[in-house]
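Take a look at the structure set out below.
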Amino acid sequence: MTTIRHTWDVTPAEAIALQKELAGRVEQVRLTAAVETIGAVDCAFLAGGKQIVATAVVMGAKSLEVIARAYAVAPVKMAYIPGLLTFREAPAELEALAELPVEPDLLLVDGAGRAHPRRLGIAAHLGLWLPMPTIGVAKSRLCGEHRAVGATRGSSVKLLDEGEVIGKVVRTRDHVQPLYISVGNRITLEEAVAWTLRTATRTRLPEPIRAAHHMAGELKKKLA
DNA sequence: GCGACAG
DNA sequence: ATCTTGTCGC
């Protein structure tokens, strides 16, 4: 299995160059192993944006019951720049994932996967670094265009950029803002959409992401 | 030069 | 992401 390693201490120009050379390593292929557990990572900011709290959760793929949780606090090293979100959030999220007692079989990431200007959003980048397949679940569009999405749950349309399908805009709840789903790594777009709908049972966001997001919010209050 | 722009 | 109460709609 191929996984990457590199420093996160880079300049914006170096970050862009890194994304360009790594994008070609993403594998859009069908899942090979059974998915028994699903995880998610998210984060929140502390101390006026000086520190980041990353959270990671693991749930049973069928029960959607939490099996494990972990978190990590780290200093923020880069400002938010559209397209370079990864270099701001990924280091802390990787630390939180490393604290988990068990690794999930599939990981949902808050942000874009291949639906990125250079085809390497945070979900794809983390997918190259980690061993399990990943899915990018973004709440809004970073790039690409698409037709109007049907108003009911399950409706979806292709997200296109420069003539290629980079993701899918998916409605997970009737009359609620759609999600921008894209391949992270080691999964197909169809499977990514299917797992998103399968885990977004009661709300717009998939349960694992909701749990990770909620945990980040609680820690933000608790850690000041 | 003028917008767009994951979280 | 973050600053924040009540309120509209399914």
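Naming: A, B, ... by sequence-line order, numbering from 1 per chain.
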Using whole Å, report how far [atom1] of [X] lies from [atom2] of [N].
X: A:R204; N: B:dA6; atom1: CZ; atom2: C1'; value: 12 Å
X: A:L85; N: C:dT2; atom1: CG; atom2: P; value: 13 Å
X: A:K168; N: B:dA6; atom1: NZ; atom2: P; value: 23 Å
X: A:R88; N: C:dT2; atom1: CZ; atom2: P; value: 10 Å
X: A:L142; N: B:dG3; atom1: CG; atom2: C1'; value: 15 Å
X: A:F87; N: B:dG7; atom1: CZ; atom2: P; value: 18 Å
X: A:Q177; N: C:dC8; atom1: CD; atom2: P; value: 20 Å
X: A:L126; N: B:dA6; atom1: CG; atom2: P; value: 18 Å

Inset, instruction - Indicate if A:Y80 and A:L126 have the same hydrophobic cluster label, given that clusters are the connected sets of ILVMFWY residues with side-chain heavy-atom separations under 4.5 angstrom. - result: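 A:Y80 clusters together with A:L126.
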
Legend entry - Shared hydrophobic cluster, A:V29 / A:I135 (ILVMFWY, side-chain heavy atoms < 4.5 Å): no

Legend entry - Nearest heavy atoms of A:A124 and A:R119, plus distance in Å: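 In this case the closest contact between A:A124 and A:R119 is CB-O, 4.4 Å.
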
Inset, instruction - Considering non-hydrogen atoms only, spot the tightest contact between A:A224 and A:L46 and give its length. - result: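 It is O-CD2, 3.7 Å.
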
Less than 4.0 angstrom between a side-chain N/O of [X] and OP1 or OP2 of [N], yes or no?
X: A:T86; N: B:dA6; answer: no
X: A:R141; N: B:dC5; answer: yes
X: A:K139; N: B:dA6; answer: no

Base, sugar-phosphate, or nothing for [X], non-hydrogen atoms under 4.0 angstrom?
X: A:I81; value: nothing
X: A:A138; value: sugar-phosphate
X: A:L84; value: base
X: A:G49; value: nothing
X: A:A44; value: sugar-phosphate
X: A:H213; value: sugar-phosphate

Inset, instruction - Kindly point out which of B:dC5, B:dG7, C:dC10 is positioned nearest to the side chain of A:H175? - result: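 Selected nucleotide: C:dC10.
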
Legend entry - Residue A:F45, side-chain heavy atoms: nucleotide from B:dC5, C:dA1, B:dG7 that is nearest: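 Between B:dC5, C:dA1, B:dG7, the one nearest the side chain of A:F45 would be C:dA1.
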
Please table the atom pairs, donor to acceptor, closer than 3.5 Å between any side-chain atom in residues 169-183 of chain A and protein atoms at least two apart or in another chain.
unit_1	atom_1	unit_2	atom_2	d
A:R171	NE	A:G150	O	2.8
A:R171	NH1	A:V176	O	2.9
A:R171	NH2	A:V149	O	3.0
A:R171	NH2	A:G150	O	3.1
A:T172	OG1	A:R204	O	2.7
A:R173	NH1	A:R202	O	2.3
A:D174	OD1	A:R153	N	2.7
A:Y180	OH	A:H146	NE2	3.3
A:S182	OG	A:G113	N	2.8
A:S182	OG	A:R114	N	3.4
A:S182	OG	A:A115	N	3.4

Inset, instruction - Could you check whether the rings of A:W8 and A:H125 sit parallel, tilted or perpendicular, using 30° and 60° as the cut-offs? - result: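 Correct class here is tilted.
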
Inset, instruction - Return the 5'-most residue of the pair A:D174, A:L46 with respect to DNA chain C, ranking by each residue's nearest nucleotide. - result: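 Between the two, 5'-proximity favours A:L46.
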
Legend entry - Which nucleotides of DNA chain C pair, in dot-bracket form (Watson-Crick or G-U under 3.5 Å, | meaning another strand): ..........

Legend entry - Separation of A:L205 CG from A:T199 OG1 (nearest 0.5 Å): 9.5 Å

Legend entry - Ring-on-base stacking C:dA1 with A:Y80 (under 5.5 Å, under 30°): no

Inset, instruction - Taking side-chain hydrogen bond (donor to acceptor under 3.5 Å, both in side chains) as the test, write out the residues that go with A:H116, two or more places apart. - result: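 A:H116: no side-chain hydrogen bond (donor to acceptor under 3.5 Å, both in side chains) contacts found.
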
